[in-house]
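What follows is one structure encoded as structure tokens, with my remarks underneath.
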Amino acid sequence: MKSVPCLAQSNIPGLAVRQGKVRDIYDFGECLLLVSTDRISAFDWVLPTPIPLKGCVLNQLSAFWFEYLGVDNHLITTDIARIPWPADFDPRPYKGRVSYVRKAQVVPVECVVRGYLSGSGWAEYRATGKVCGIPLPTGLRESDELPEPIFTPATKAQIGHDENITFDQVVALVGGPLAEELRSLSLALYRKGAAYAREKGIILADTKFEFGLLGNRLLLVDEVLTPDSSRFWPADQYQPGGPQPSFDKQFVRDWLVGVGWDKNSPPPPLPTEVVEKTRDKYVEAFQRLVGRELELPEA
């Protein structure tokens, strides 16, 4: 694969921009432009070293899933030729990195679905025998497959960690009918995505969906089933009873922990080996799931 310059910061003149940890969001009036940069975050910090092609993977994998899942969503196009760019702006360096989407009122709930016991769910289970108020069988091990997928929502924190909440708390936040729709749709999307991924040799351990309202329409928004929003495990290496190899930024987390970073001061730059391994895992996940090469930006 040819070398492509990293995009750590986008620059589209004349448009209002809001910056998230990974995406830059530009206001086009009735629509938004989402630019997936190569920034990477860990432990609630944006790291100083970007990961080449990461933004392309997140953007193009989300576009694939929006189409495959077949549910109402916010995506209009990822084709740079169909986006109303400012006059005299050259969009070619943004090819493969951008999504032009409908504006929607974001529902203030992280719709997490777990098919396996890992991460914060594993920690909560060890402490209480439950996850988000849902009792689970005794004797489960880390990374065990659950009897059936469970809906384990979380708050959308603006700063710091999201916090797991119960379904009753979701009802209190958004009302009963919408809470029921969020749960049933999230579980259906997880099952469809997990079945497809398993055919490609990948276990979808858990994932996070986000939704928005456009009038009375519930839209799937943001990113979908990416290595940033999901745990992807290689099926041929799956061994419950501990952490699993994964197609995500685990190389980054492990290195940061290994060098003794305190998670409170600015994080150190990543070494080349960690950057390359992380890039390769993201690209491999895309190629396995989508079955084609990435579309690359042009100079």
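Under the ring-ring contact (aromatic ring centres under 6.0 Å, His included) criterion, Tyr116 pairs with Trp233, Tyr238, sequence neighbours left out. Take Glu276 and apply the salt bridge (Lys or Arg N to Asp or Glu O under 4.0 Å) test, not counting sequence neighbours, and it matches no residue. Take Phe151 and apply the ring-ring contact (aromatic ring centres under 6.0 Å, His included) test, not counting sequence neighbours, and it matches no residue. For Tyr100, the ring-ring contact (aromatic ring centres under 6.0 Å, His included) partners at least two apart in sequence or on another chain are Phe28.
Here the side chain of Arg279 pairs no donor or acceptor atom with the backbone of Leu53 at under 3.5 angstrom. Between the side chain of Glu30 and the main chain of Arg102, no donor-acceptor pair closer than 3.5 Å is present. Here the side chain of Tyr125 pairs no donor or acceptor atom with the backbone of Arg141 at under 3.5 angstrom. A donor-acceptor pair is defined here as one N or O able to donate and one able to accept, closer than 3.5 Å; such a pair exists between the side chain of Trp85 and the backbone of Ile80. Between the Glu124 side chain and the Cys132 main chain, a donor and an acceptor come within less than 3.5 Å of each other. Checked by atom type and distance alone, the side chain of Thr155 pairs as donor or acceptor with a backbone atom of Glu163 at under 3.5 Å. Put simply, the side chain of Thr128 gets close to the backbone of Lys130: a donor and an acceptor are under 3.5 Å apart. In this structure, the side chain of Gln169 engages the main chain of Thr166 through a donor-acceptor pair within 3.5 Å. Checking side-chain atoms of Ser230 against main-chain N and O of Phe232 turns up no donor-acceptor pair under 3.5 Å. Remark: side-chain polar atoms of Arg39 are paired, donor with acceptor, to backbone N or O of Gly20 under 3.5 angstrom.
The number of heavy-atom neighbours closer than 6.0 Å to CD of Gln105, taken from other residues, nucleotides and ligands shown, is 12 or below.
With values rounded to the nearest 0.5 angstrom, Glu295 atom CD is found 6.5 Å from Thr78 atom OG1. How far NZ of Lys277 is from CZ of Phe251: 5.0 Å, rounded to the nearest 0.5 Å. Of the inter-residue distances, the one linking Trp261 atom CH2 with Leu47 atom CG reads 6.5 Å to the nearest 0.5 angstrom. Arg231 contributes atom CZ, which lies 10.5 Å from atom OG1 of Thr207 (distance to the nearest 0.5 angstrom). For the atom pair CG of Leu289 and CD of Gln60, the computed distance is 13.0 Å after rounding to the nearest 0.5 Å. Rounding to the nearest 0.5 Å gives a distance of 9.5 Å between CD of Glu180 and CG of Leu182.
Using a 4.5 Å heavy-atom cutoff, the side chains of Leu218 and Leu213 are in contact. Side chains of Ile25 and Gln19 form no contact here, defined as non-hydrogen atoms less than 4.5 Å apart. Residues Arg253 and Gln250 are in side-chain contact: their nearest non-hydrogen atoms beyond the backbone lie under 4.5 Å apart. Using a 4.5 Å cut-off on side-chain heavy atoms (C-beta onward), Gln9 and Asp24 make contact. The shortest side-chain heavy-atom distance between Phe211 and Val109 does not fall under the 4.5 Å cut-off.
With Tyr94 as reference, Leu7 is the one residue of Ile83, Leu33, Asn59, Leu7 to meet the side-chain contact (heavy atoms from CB on, under 4.5 Å) rule. When Leu69, Leu75, Leu58 are each tested for a side-chain contact (heavy atoms from CB on, under 4.5 Å) with Val224, only one passes: Leu69.
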* Report the C-alpha separation of Arg114 and Ser120 in whole Å, then their side-chain angles, then the decisive distance to 0.1 Å, and conclude whether the side-chain hydrogen bond (donor to acceptor under 3.5 Å, both in side chains) test is met. => CA-CA 11 Å; Arg114 302 176 190 274; Ser120 64; 3.1 Å; yes
* **Stepwise salt bridge (Lys or Arg N to Asp or Glu O under 4.0 Å) test for Lys263 and Asp44** => CA-CA 9 Å; Lys263 303 180 186 177; Asp44 296 318; over 6 Å; no
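Counting only residues at least two apart or in different chains, ring pair (Phe, Tyr, Trp, His ring centres under 6.0 Å) contacts with residues 279-299 are absent. Applying the salt bridge (charged side-chain N to carboxylate O under 4.0 Å, His left out) test to residues at least two apart or on different chains, the pairs with a partner in residues 213-229 are Arg23-Glu223, Lys54-Asp228, Asp72-Arg217.
The minimum heavy-atom distance between Cys56 and Asp38, with the atom names listed, is N-OD1, 4.4 Å. The shortest non-hydrogen separation linking Gln287 to Arg292 is CG-O, 3.6 Å. The heavy-atom pair separating Ala179 from Val170 by the smallest distance is CB-CG1, 3.8 Å. Of all heavy-atom pairs spanning Gly55 and Arg97, the tightest one is CA-NH1, 3.9 Å. Residues Leu204 and Gly193 come closest through the heavy atom pair CD2-C, 4.1 Å. Pro227 approaches Leu61 most closely through the heavy-atom pair CD-CD2, 3.8 Å.
In the hydrophobic clustering of ILVMFWY residues, with side-chain heavy atoms under 4.5 Å counting as a link, Ile76 and Leu220 come out apart. In the hydrophobic cluster analysis, where Ile, Leu, Val, Met, Phe, Trp and Tyr join through side-chain heavy atoms closer than 4.5 angstrom, Val290 is grouped together with Leu294. Linking Ile, Leu, Val, Met, Phe, Trp and Tyr whenever their side-chain heavy atoms come within less than 4.5 Å puts Trp255 and Val275 in one cluster. Ile165 and Ile134 fall into different hydrophobic clusters, where Ile, Leu, Val, Met, Phe, Trp and Tyr side chains are chained together by heavy-atom contacts under 4.5 Å. Cluster annotation: Leu32 is not connected to Val221 through the hydrophobic network of ILVMFWY side chains, with a link wherever side-chain heavy atoms come within less than 4.5 Å.
Using the six-membered ring where Trp is involved, Phe64 and Tyr68 have ring planes that are parallel, under 30° apart on the 30 and 60° scheme.
By the 4.0 Å N-to-carboxylate-O rule, Asp27 lies close enough to Lys103 to be salt-bridged with it.
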